[in-house]
Asks: 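Shown below is the structure under consideration.
Whatever order the structure lists them in is the order used to number ligands and atoms, beginning at 1. Quantities reported herein were computed from a predicted structural model and do not represent experimental measurements. If you read the sequence from its start, that first residue is 1, and numbering goes on from there.
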Amino acid sequence: MSTRFRRLALIGIGLIGSSIALAARRQGLVESIAISTRRPETLEEARELGLGDVYTTDPAEAVRGADLVILCTPVGAYEAVMEAIAPALEPGAILSDVGSVKRHVVRTVTPHVPEGVHFVPGHPLAGTEHSGPSAGFPELFVKRWCVLTPEPEVDRKAVQRLVAFWSAMGSQVETMDADHHDMVLAITSHVPHLIAYNIVGTVADLEEDTQSEVIKFSASGFRDFTRIAASDPVMWRDVFLTNRDAVLEMLGRCLEDLSVLQRAVRVGDGPGLEALFTRTRAVRRSIIDAGQDSAAPDFGRPHEQAPAPQEHYVREHGGGDDA
Ligand SMILES: NC(=O)c1ccc[n+]([C@@H]2O[C@H](COP(=O)([O-])OP(=O)(O)OC[C@H]3O[C@@H](n4cnc5c(N)ncnc54)[C@H](O)[C@@H]3O)[C@@H](O)[C@H]2O)c1
Ligand SMILES: O=C(O)C(=O)C[C@]1(C(=O)O)C=C[C@@H](O)C=C1
(Lines give C-alpha, C1' and ligand atoms only; values in the text may rest on other atoms or scores of the structure.)
(Ligands and ions follow the chains in the order given, each with its own letter.)
Protein backbone atom coordinates (compact mmCIF):
# COMPACT_ATOMS: atom_id res chain seq x y z
CA MET A 1 0.00 0.00 0.00
CA SER A 2 1.43 3.36 -1.02
CA THR A 3 1.41 6.10 1.59
CA ARG A 4 2.47 8.66 -1.01
CA PHE A 5 -0.14 10.58 -2.97
CA ARG A 6 0.35 11.93 -6.47
CA ARG A 7 -1.65 15.07 -5.93
CA LEU A 8 -3.15 16.47 -2.74
CA ALA A 9 -5.91 19.06 -3.17
CA LEU A 10 -6.62 21.29 -0.19
CA ILE A 11 -9.89 23.21 -0.37
CA GLY A 12 -9.48 26.06 2.12
CA ILE A 13 -6.03 27.04 3.32
CA GLY A 14 -6.27 28.39 6.85
CA LEU A 15 -4.60 27.07 10.02
CA ILE A 16 -5.41 23.42 9.36
CA GLY A 17 -5.00 23.38 5.56
CA SER A 18 -1.63 25.13 5.70
CA SER A 19 -0.42 22.84 8.50
CA ILE A 20 -1.33 19.80 6.39
CA ALA A 21 0.48 21.31 3.38
CA LEU A 22 3.64 21.91 5.43
CA ALA A 23 3.56 18.55 7.24
CA ALA A 24 2.76 16.48 4.14
CA ARG A 25 5.55 18.19 2.20
CA ARG A 26 8.06 17.81 5.00
CA GLN A 27 7.30 14.12 5.39
CA GLY A 28 7.41 13.50 1.63
CA LEU A 29 3.82 12.26 1.52
CA VAL A 30 2.75 14.03 -1.67
CA GLU A 31 4.22 14.74 -5.09
CA SER A 32 2.29 17.97 -5.59
CA ILE A 33 -0.21 20.13 -3.74
CA ALA A 34 -3.10 22.05 -5.31
CA ILE A 35 -4.63 24.78 -3.20
CA SER A 36 -8.00 26.38 -3.64
CA THR A 37 -9.65 29.05 -1.59
CA ARG A 38 -12.49 31.44 -2.17
CA ARG A 39 -10.75 34.76 -1.71
CA PRO A 40 -7.91 35.73 -4.09
CA GLU A 41 -6.09 37.55 -1.24
CA THR A 42 -5.92 34.33 0.81
CA LEU A 43 -4.69 32.43 -2.23
CA GLU A 44 -1.98 35.04 -2.79
CA GLU A 45 -0.90 34.72 0.83
CA ALA A 46 -0.65 30.95 0.41
CA ARG A 47 1.43 31.43 -2.75
CA GLU A 48 3.78 33.85 -0.99
CA LEU A 49 4.24 31.30 1.79
CA GLY A 50 5.04 28.64 -0.84
CA LEU A 51 2.44 26.23 0.54
CA GLY A 52 1.58 24.51 -2.74
CA ASP A 53 2.36 23.98 -6.42
CA VAL A 54 -0.96 24.95 -8.01
CA TYR A 55 -3.18 27.82 -6.81
CA THR A 56 -6.71 28.46 -7.95
CA THR A 57 -9.95 30.05 -6.81
CA ASP A 58 -11.78 27.28 -8.70
CA PRO A 59 -12.10 24.24 -6.39
CA ALA A 60 -13.03 21.97 -9.32
CA GLU A 61 -9.71 22.79 -11.01
CA ALA A 62 -7.84 21.95 -7.79
CA VAL A 63 -9.38 18.48 -7.42
CA ARG A 64 -8.91 17.47 -11.07
CA GLY A 65 -6.24 14.74 -11.06
CA ALA A 66 -6.04 14.67 -7.25
CA ASP A 67 -5.92 11.27 -5.55
CA LEU A 68 -6.39 12.87 -2.11
CA VAL A 69 -8.79 15.78 -1.54
CA ILE A 70 -9.17 17.32 1.92
CA LEU A 71 -11.86 19.90 2.71
CA CYS A 72 -10.32 22.45 5.11
CA THR A 73 -12.98 25.18 5.11
CA PRO A 74 -15.46 25.95 7.88
CA VAL A 75 -18.12 23.21 7.90
CA GLY A 76 -20.83 25.62 6.73
CA ALA A 77 -19.10 25.92 3.34
CA TYR A 78 -19.08 22.16 2.60
CA GLU A 79 -22.36 22.01 0.69
CA ALA A 80 -21.29 24.70 -1.79
CA VAL A 81 -17.81 23.22 -2.11
CA MET A 82 -19.19 19.73 -2.81
CA GLU A 83 -21.56 21.07 -5.46
CA ALA A 84 -18.56 22.66 -7.16
CA ILE A 85 -16.08 19.77 -6.94
CA ALA A 86 -18.24 16.63 -7.27
CA PRO A 87 -18.17 16.47 -11.10
CA ALA A 88 -14.37 16.91 -11.13
CA LEU A 89 -13.46 14.27 -8.51
CA GLU A 90 -11.35 11.42 -9.94
CA PRO A 91 -12.61 7.82 -9.65
CA GLY A 92 -10.57 6.08 -6.94
CA ALA A 93 -9.72 9.34 -5.16
CA ILE A 94 -9.95 9.61 -1.38
CA LEU A 95 -12.09 12.51 -0.23
CA SER A 96 -11.65 13.62 3.36
CA ASP A 97 -12.08 16.66 5.58
CA VAL A 98 -10.92 18.13 8.89
CA GLY A 99 -14.20 19.53 10.21
CA SER A 100 -14.79 19.68 13.96
CA VAL A 101 -18.20 18.00 13.70
CA LYS A 102 -18.79 14.73 11.89
CA ARG A 103 -22.45 13.58 11.63
CA HIS A 104 -23.49 16.78 9.87
CA VAL A 105 -20.51 16.42 7.54
CA VAL A 106 -21.42 12.83 6.66
CA ARG A 107 -25.02 13.92 5.98
CA THR A 108 -24.01 16.92 3.88
CA VAL A 109 -21.18 15.44 1.85
CA THR A 110 -22.27 11.83 1.20
CA PRO A 111 -25.09 12.62 -1.29
CA HIS A 112 -22.58 14.46 -3.49
CA VAL A 113 -19.85 11.78 -3.51
CA PRO A 114 -19.61 10.18 -6.97
CA GLU A 115 -19.45 6.40 -7.41
CA GLY A 116 -15.87 5.16 -7.00
CA VAL A 117 -14.74 8.02 -4.75
CA HIS A 118 -13.93 7.00 -1.15
CA PHE A 119 -15.22 9.41 1.47
CA VAL A 120 -13.35 9.13 4.78
CA PRO A 121 -14.24 12.02 7.11
CA GLY A 122 -11.53 13.13 9.54
CA HIS A 123 -10.86 15.47 12.42
CA PRO A 124 -7.41 16.29 13.78
CA LEU A 125 -7.79 17.12 17.48
CA ALA A 126 -5.19 19.82 17.20
CA GLY A 127 -5.44 23.52 16.73
CA THR A 128 -4.81 26.97 18.08
CA GLU A 129 -6.82 30.17 18.32
CA HIS A 130 -5.10 31.51 15.19
CA SER A 131 -6.46 31.33 11.66
CA GLY A 132 -5.41 31.92 8.06
CA PRO A 133 -2.61 30.48 5.90
CA SER A 134 0.23 32.01 7.93
CA ALA A 135 -1.03 30.38 11.15
CA GLY A 136 -0.01 26.87 10.07
CA PHE A 137 3.06 24.93 11.17
CA PRO A 138 4.15 21.39 10.30
CA GLU A 139 4.35 20.08 13.87
CA LEU A 140 0.71 20.88 14.67
CA PHE A 141 -0.40 17.25 14.45
CA VAL A 142 2.53 15.65 16.24
CA LYS A 143 1.38 13.48 19.17
CA ARG A 144 -2.21 14.66 18.71
CA TRP A 145 -5.21 12.47 17.94
CA CYS A 146 -6.78 12.36 14.53
CA VAL A 147 -10.24 10.77 14.49
CA LEU A 148 -11.61 9.22 11.28
CA THR A 149 -15.34 8.46 11.01
CA PRO A 150 -15.86 6.37 7.85
CA GLU A 151 -19.26 4.78 7.37
CA PRO A 152 -19.13 0.95 7.58
CA GLU A 153 -19.37 0.42 3.82
CA VAL A 154 -16.32 2.55 2.96
CA ASP A 155 -13.37 0.81 1.30
CA ARG A 156 -10.95 -0.38 4.05
CA LYS A 157 -7.87 0.22 1.89
CA ALA A 158 -8.83 3.87 1.49
CA VAL A 159 -9.24 4.18 5.26
CA GLN A 160 -5.85 2.54 5.81
CA ARG A 161 -4.16 4.93 3.37
CA LEU A 162 -5.58 7.88 5.25
CA VAL A 163 -4.55 6.38 8.60
CA ALA A 164 -1.00 6.07 7.21
CA PHE A 165 -1.09 9.67 5.94
CA TRP A 166 -2.06 11.11 9.37
CA SER A 167 0.31 8.77 11.21
CA ALA A 168 3.17 9.96 9.04
CA MET A 169 2.36 13.55 10.03
CA GLY A 170 2.76 12.50 13.69
CA SER A 171 -0.84 11.84 14.72
CA GLN A 172 -2.29 8.95 16.66
CA VAL A 173 -5.25 7.84 14.60
CA GLU A 174 -8.49 6.31 15.81
CA THR A 175 -11.64 5.47 13.88
CA MET A 176 -15.07 5.84 15.45
CA ASP A 177 -18.72 6.38 14.66
CA ALA A 178 -19.62 9.97 13.69
CA ASP A 179 -22.33 10.28 16.41
CA HIS A 180 -19.93 9.10 19.08
CA HIS A 181 -17.33 11.60 17.86
CA ASP A 182 -19.83 14.45 18.09
CA MET A 183 -20.86 13.55 21.63
CA VAL A 184 -17.25 13.23 22.85
CA LEU A 185 -16.15 16.45 21.16
CA ALA A 186 -19.20 18.32 22.42
CA ILE A 187 -17.96 17.94 25.98
CA THR A 188 -14.18 18.03 25.41
CA SER A 189 -14.04 20.86 22.89
CA HIS A 190 -17.33 22.51 21.90
CA VAL A 191 -18.83 23.24 25.33
CA PRO A 192 -15.45 24.45 26.69
CA HIS A 193 -15.33 26.93 23.80
CA LEU A 194 -18.89 28.04 24.53
CA ILE A 195 -18.00 28.58 28.18
CA ALA A 196 -14.92 30.59 27.21
CA TYR A 197 -16.92 32.74 24.76
CA ASN A 198 -19.48 33.27 27.53
CA ILE A 199 -17.12 34.26 30.34
CA VAL A 200 -15.13 36.62 28.15
CA GLY A 201 -18.36 38.15 26.83
CA THR A 202 -19.65 38.64 30.38
CA VAL A 203 -16.44 40.33 31.47
CA ALA A 204 -16.47 42.60 28.42
CA ASP A 205 -20.11 43.59 29.14
CA LEU A 206 -19.30 44.17 32.78
CA GLU A 207 -16.45 46.45 31.91
CA GLU A 208 -18.67 48.43 29.57
CA ASP A 209 -21.55 48.64 32.07
CA THR A 210 -19.49 49.62 35.09
CA GLN A 211 -16.70 51.53 33.33
CA SER A 212 -14.35 49.45 35.44
CA GLU A 213 -10.97 48.03 34.54
CA VAL A 214 -11.64 44.34 34.93
CA ILE A 215 -9.82 43.38 31.75
CA LYS A 216 -6.74 45.44 32.65
CA PHE A 217 -6.44 43.65 35.97
CA SER A 218 -7.46 40.22 34.69
CA ALA A 219 -5.45 37.44 36.27
CA SER A 220 -3.98 34.60 34.27
CA GLY A 221 -6.98 32.31 34.77
CA PHE A 222 -9.11 34.72 32.77
CA ARG A 223 -6.35 35.22 30.22
CA ASP A 224 -6.40 31.46 29.51
CA PHE A 225 -10.10 31.79 28.69
CA THR A 226 -9.41 34.73 26.36
CA ARG A 227 -7.06 32.55 24.27
CA ILE A 228 -9.86 30.08 23.59
CA ALA A 229 -12.40 32.90 23.09
CA ALA A 230 -10.15 34.40 20.39
CA SER A 231 -10.77 31.37 18.13
CA ASP A 232 -12.18 31.89 14.65
CA PRO A 233 -15.79 33.22 14.85
CA VAL A 234 -16.98 31.68 11.56
CA MET A 235 -15.54 28.25 12.29
CA TRP A 236 -17.13 28.17 15.75
CA ARG A 237 -20.45 29.57 14.56
CA ASP A 238 -20.61 26.60 12.20
CA VAL A 239 -19.66 24.11 14.94
CA PHE A 240 -22.56 25.22 17.13
CA LEU A 241 -25.01 25.32 14.22
CA THR A 242 -24.10 21.78 13.15
CA ASN A 243 -23.59 19.91 16.45
CA ARG A 244 -26.58 21.40 18.22
CA ASP A 245 -28.08 18.30 19.85
CA ALA A 246 -24.86 16.96 21.35
CA VAL A 247 -23.81 20.42 22.53
CA LEU A 248 -27.19 21.04 24.20
CA GLU A 249 -27.09 17.64 25.88
CA MET A 250 -23.61 18.20 27.29
CA LEU A 251 -24.32 21.82 28.19
CA GLY A 252 -27.34 20.58 30.18
CA ARG A 253 -25.09 18.28 32.17
CA CYS A 254 -22.63 21.12 32.81
CA LEU A 255 -25.38 23.46 33.98
CA GLU A 256 -26.68 20.84 36.41
CA ASP A 257 -23.20 20.37 37.82
CA LEU A 258 -22.72 24.13 37.99
CA SER A 259 -25.87 24.40 40.10
CA VAL A 260 -24.41 21.85 42.50
CA LEU A 261 -21.25 23.94 42.72
CA GLN A 262 -23.28 27.11 43.18
CA ARG A 263 -24.99 25.50 46.15
CA ALA A 264 -21.68 24.29 47.60
CA VAL A 265 -20.39 27.88 47.49
CA ARG A 266 -23.62 29.28 48.98
CA VAL A 267 -23.74 26.85 51.91
CA GLY A 268 -19.98 26.93 52.44
CA ASP A 269 -19.46 23.23 51.69
CA GLY A 270 -15.66 23.23 51.99
CA PRO A 271 -15.16 19.45 51.85
CA GLY A 272 -17.40 19.20 48.77
CA LEU A 273 -15.49 21.93 46.94
CA GLU A 274 -12.11 20.48 47.92
CA ALA A 275 -13.10 16.98 46.83
CA LEU A 276 -14.14 18.19 43.37
CA PHE A 277 -11.03 20.35 42.90
CA THR A 278 -8.84 17.40 43.92
CA ARG A 279 -10.50 15.22 41.29
CA THR A 280 -10.13 17.86 38.56
CA ARG A 281 -6.46 18.42 39.39
CA ALA A 282 -5.91 14.69 38.89
CA VAL A 283 -7.55 14.94 35.44
CA ARG A 284 -5.12 17.67 34.41
CA ARG A 285 -2.17 15.60 35.64
CA SER A 286 -3.32 12.50 33.78
CA ILE A 287 -3.61 14.49 30.52
CA ILE A 288 -0.07 15.79 30.94
CA ASP A 289 1.26 12.33 31.84
CA ALA A 290 -0.37 10.98 28.66
CA GLY A 291 1.59 13.57 26.64
CA GLN A 292 -1.58 15.21 25.26
CA ASP A 293 -0.78 18.74 26.37
CA SER A 294 1.33 19.99 23.48
CA ALA A 295 -1.06 22.89 22.76
CA ALA A 296 -0.03 24.91 25.78
CA PRO A 297 -1.68 28.32 26.21
CA ASP A 298 1.11 30.16 24.41
CA PHE A 299 1.12 28.04 21.28
CA GLY A 300 0.54 31.34 19.44
CA ARG A 301 4.19 31.47 18.49
CA PRO A 302 4.42 28.00 17.08
CA HIS A 303 7.87 28.11 15.57
CA GLU A 304 9.43 28.98 18.92
CA GLN A 305 7.23 26.71 20.99
CA ALA A 306 6.47 23.67 18.95
CA PRO A 307 8.51 20.48 19.14
CA ALA A 308 11.37 19.90 16.72
CA PRO A 309 10.64 18.25 13.36
CA GLN A 310 9.69 14.62 13.85
CA GLU A 311 11.48 12.88 11.01
CA HIS A 312 11.32 9.61 12.97
CA TYR A 313 7.57 9.48 12.38
CA VAL A 314 8.22 8.77 8.74
CA ARG A 315 10.47 5.86 9.64
CA GLU A 316 8.15 4.53 12.32
CA HIS A 317 4.87 4.95 10.51
CA GLY A 318 5.97 4.40 6.94
CA GLY A 319 5.96 7.68 5.02
CA GLY A 320 7.72 8.40 1.72
CA ASP A 321 7.42 6.45 -1.50
CA ASP A 322 7.09 2.83 -0.54
CA ALA A 323 4.80 1.99 -3.43
N1 LIG B 1 -8.82 25.83 14.30
C2 LIG B 1 -8.81 24.69 14.93
O3 LIG B 1 -8.38 24.61 16.08
C4 LIG B 1 -9.33 23.45 14.24
C5 LIG B 1 -8.88 22.20 14.68
C6 LIG B 1 -9.34 21.06 14.03
C7 LIG B 1 -10.23 21.16 12.96
N8 LIG B 1 -10.66 22.40 12.59
C9 LIG B 1 -11.60 22.46 11.44
O10 LIG B 1 -10.82 22.78 10.31
C11 LIG B 1 -11.57 23.56 9.39
C12 LIG B 1 -10.76 24.81 9.04
O13 LIG B 1 -10.44 25.49 10.22
P14 LIG B 1 -9.20 26.47 10.28
O15 LIG B 1 -8.89 26.68 11.71
O16 LIG B 1 -8.12 26.04 9.35
O17 LIG B 1 -9.90 27.80 9.72
P18 LIG B 1 -9.27 29.08 9.04
O19 LIG B 1 -10.24 30.18 9.24
O20 LIG B 1 -7.87 29.29 9.48
O21 LIG B 1 -9.25 28.66 7.51
C22 LIG B 1 -10.41 28.40 6.75
C23 LIG B 1 -10.09 28.55 5.28
O24 LIG B 1 -11.23 28.24 4.50
C25 LIG B 1 -11.38 29.26 3.51
N26 LIG B 1 -12.78 29.30 3.12
C27 LIG B 1 -13.82 29.73 3.85
N28 LIG B 1 -14.96 29.58 3.16
C29 LIG B 1 -14.61 29.03 1.97
C30 LIG B 1 -15.33 28.62 0.81
N31 LIG B 1 -16.66 28.77 0.74
N32 LIG B 1 -14.64 28.10 -0.23
C33 LIG B 1 -13.32 27.95 -0.17
N34 LIG B 1 -12.58 28.31 0.89
C35 LIG B 1 -13.23 28.86 1.94
C36 LIG B 1 -10.89 30.51 4.18
O37 LIG B 1 -10.57 31.48 3.29
C38 LIG B 1 -9.66 29.96 4.89
O39 LIG B 1 -8.58 29.90 4.00
C40 LIG B 1 -12.91 23.86 10.05
O41 LIG B 1 -13.88 23.03 9.51
C42 LIG B 1 -12.68 23.52 11.52
O43 LIG B 1 -13.85 23.04 12.13
C44 LIG B 1 -10.20 23.54 13.16
O1 LIG C 1 -6.06 24.44 21.23
C2 LIG C 1 -6.99 25.07 20.72
O3 LIG C 1 -6.91 26.26 20.50
C4 LIG C 1 -8.19 24.38 20.30
O5 LIG C 1 -9.22 24.84 20.61
C6 LIG C 1 -8.09 23.17 19.48
C7 LIG C 1 -9.34 22.34 19.36
C8 LIG C 1 -9.78 21.88 20.75
O9 LIG C 1 -10.86 22.18 21.21
O10 LIG C 1 -8.98 21.17 21.36
C11 LIG C 1 -10.42 23.14 18.73
C12 LIG C 1 -11.22 22.65 17.77
C13 LIG C 1 -10.92 21.45 17.07
O14 LIG C 1 -11.86 20.93 16.31
C15 LIG C 1 -9.86 20.66 17.60
C16 LIG C 1 -9.04 21.17 18.53
Asks: Under 4.0 Å between a Lys/Arg side-chain N and an Asp/Glu carboxylate O for Glu139 and Arg26?
Replies: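 Salt bridge: yes.
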
Asks: Filter on side-chain hydrogen bond (donor to acceptor under 3.5 Å, both in side chains), then keep only pairs touching residues 234-261, sequence neighbours left out; what's left?
Replies: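 For residues 234-261: His190-Asn243.
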
Asks: Within the structure, does Gly127 bring an N/O atom to less than 3.5 angstrom of an N/O atom in ligand 2?
Replies: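 Yes, there is a polar N/O contact under 3.5 Å.
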
Asks: Can you run down the side-chain hydrogen bond (donor to acceptor under 3.5 Å, both in side chains) pairs that involve residues 64-83, sequence neighbours left out, and say none if there aren't any?
Replies: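 Listed by first then second residue: Tyr78-Asp97, Glu79-His112.
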
Asks: For Asp53, which of Arg7, Arg25, Arg6 qualifies under salt bridge (Lys or Arg N to Asp or Glu O under 4.0 Å)?
Replies: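 When Arg7, Arg25, Arg6 are each tested with Asp53, the salt bridge (Lys or Arg N to Asp or Glu O under 4.0 Å) holds only for Arg25.
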
Asks: Considering the heavy atoms of His123, write down every atom of ligand 2 situated less than 4.0 Å from one of them.
Replies: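 Heavy-atom distances to His123 below 4.0 Å select 13 (C), 14 (O), 15 (C).
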
Asks: Taking N or O atoms only and a 3.5 Å limit, does Ser231 qualify as a polar contact for ligand 2?
Replies: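 It does not: no N or O of Ser231 is found under 3.5 Å from an N or O of ligand 2.
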
Asks: For ligand 2, which atoms, with element, lie under 4.0 Å from some heavy atom of Ser189?
Replies: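 Listed by number with element, the hits are 8 (C), 9 (O), 11 (C), 12 (C).
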
Asks: Counting only heavy atoms from other residues, nucleotides and ligands, does the tally under 6.0 Å from CZ of Arg156 exceed 12?
Replies: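 It does: Arg156 CZ has more than 12 such atoms within range.
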
Asks: The test is salt bridge (charged side-chain N to carboxylate O under 4.0 Å, His left out); show your working for Arg103 and Asp177 and say whether it passes.
Replies: CA-CA 9 Å; Arg103 179 53 66 199; Asp177 172 72; 3.5 Å; yes

Asks: Between Phe5 and Arg161, is there a cation-pi geometry (under 6.0 Å to ring centre, at most 45° from the normal)?
Replies: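 Yes; both conditions hold, so Arg161 lies above the ring face of Phe5.
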
Asks: Apply ring-ring contact (aromatic ring centres under 6.0 Å, His included) to Phe141 and list each qualifying residue two or more places apart in sequence or on a separate chain.
Replies: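 Partners of Phe141 under the ring-ring contact (aromatic ring centres under 6.0 Å, His included) test: Trp166.
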
Asks: One pair to check against side chain to side chain donor-acceptor pair (under 3.5 Å): Ser231 and Glu129. What are the steps and the verdict?
Replies: CA-CA 4 Å; Ser231 301; Glu129 70 280 24; over 6 Å; no

Asks: Any idea which atoms of ligand 2 are less than 4.0 Å away from a heavy-atom of Glu129?
Replies: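 Matching atoms, with element in brackets: 3 (O).
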
Asks: Just which atoms of ligand 2 are under 4.0 Å from any heavy atom in Arg227?
Replies: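 Within the 4.0 Å cut-off of Arg227, ligand 2 contributes 1 (O), 2 (C), 3 (O).
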
Asks: Would you find more than 12 non-hydrogen atoms of other residues, nucleotides or ligands less than 6.0 Å from Glu115 atom CD?
Replies: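 No.
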
Asks: Write down, by chain and number, every protein residue that brings a non-hydrogen atom to less than 4.0 Å from an atom of ligand 1.
Replies: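 Within 4.0 Å of ligand 1, protein side: Gly12, Ile13, Gly14, Leu15, Ile16, Thr37, Arg38, Thr42, Cys72, Thr73, Pro74, Val75, Ala77, Val98, Gly99, Ser100, His123, Pro124, Ala126, Gly127, Thr128, Ser131, Gly132, Asp232, Met235.
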
Asks: Do Ile228 and Phe225 make a side-chain contact, defined as non-hydrogen atoms from C-beta onward lying under 4.5 Å apart?
Replies: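 They are not in contact (no side-chain heavy atoms under 4.5 Å apart), so the answer is no.
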
Asks: Should the proximity of Ala126 to ligand 2, defined as any heavy atom under 4.0 Å, be assigned to the side chain, the backbone, both, or neither?
Replies: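 Under 4.0 Å from ligand 2, Ala126 contributes backbone atoms alone.
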
Asks: Relative to atom 4 (C) of ligand 2, which among Arg144, His193, His130 owns the nearest non-hydrogen atom?
Replies: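 Nearest heavy atom to atom 4 (C) of ligand 2 lies in His193.
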
Asks: Decide whether an N or O pair under 3.5 Å exists between Thr188 and ligand 2.
Replies: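 The answer is no, given that Thr188 and ligand 2 share no N or O pair closer than 3.5 Å.
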
Asks: Show the atoms of ligand 2 that are less than 4.0 angstrom away from any heavy atom in Trp236.
Replies: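 Near Trp236, meaning under 4.0 Å from one of its heavy atoms, ligand 2 has 11 (C), 12 (C).
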
Asks: Select one of side chain, backbone, both or neither to describe which atoms of Trp145 lie under 4.0 Å from any atom of ligand 2, heavy atoms only.
Replies: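 Near ligand 2, Trp145 shows nothing, with every heavy atom at 4.0 Å or more.
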
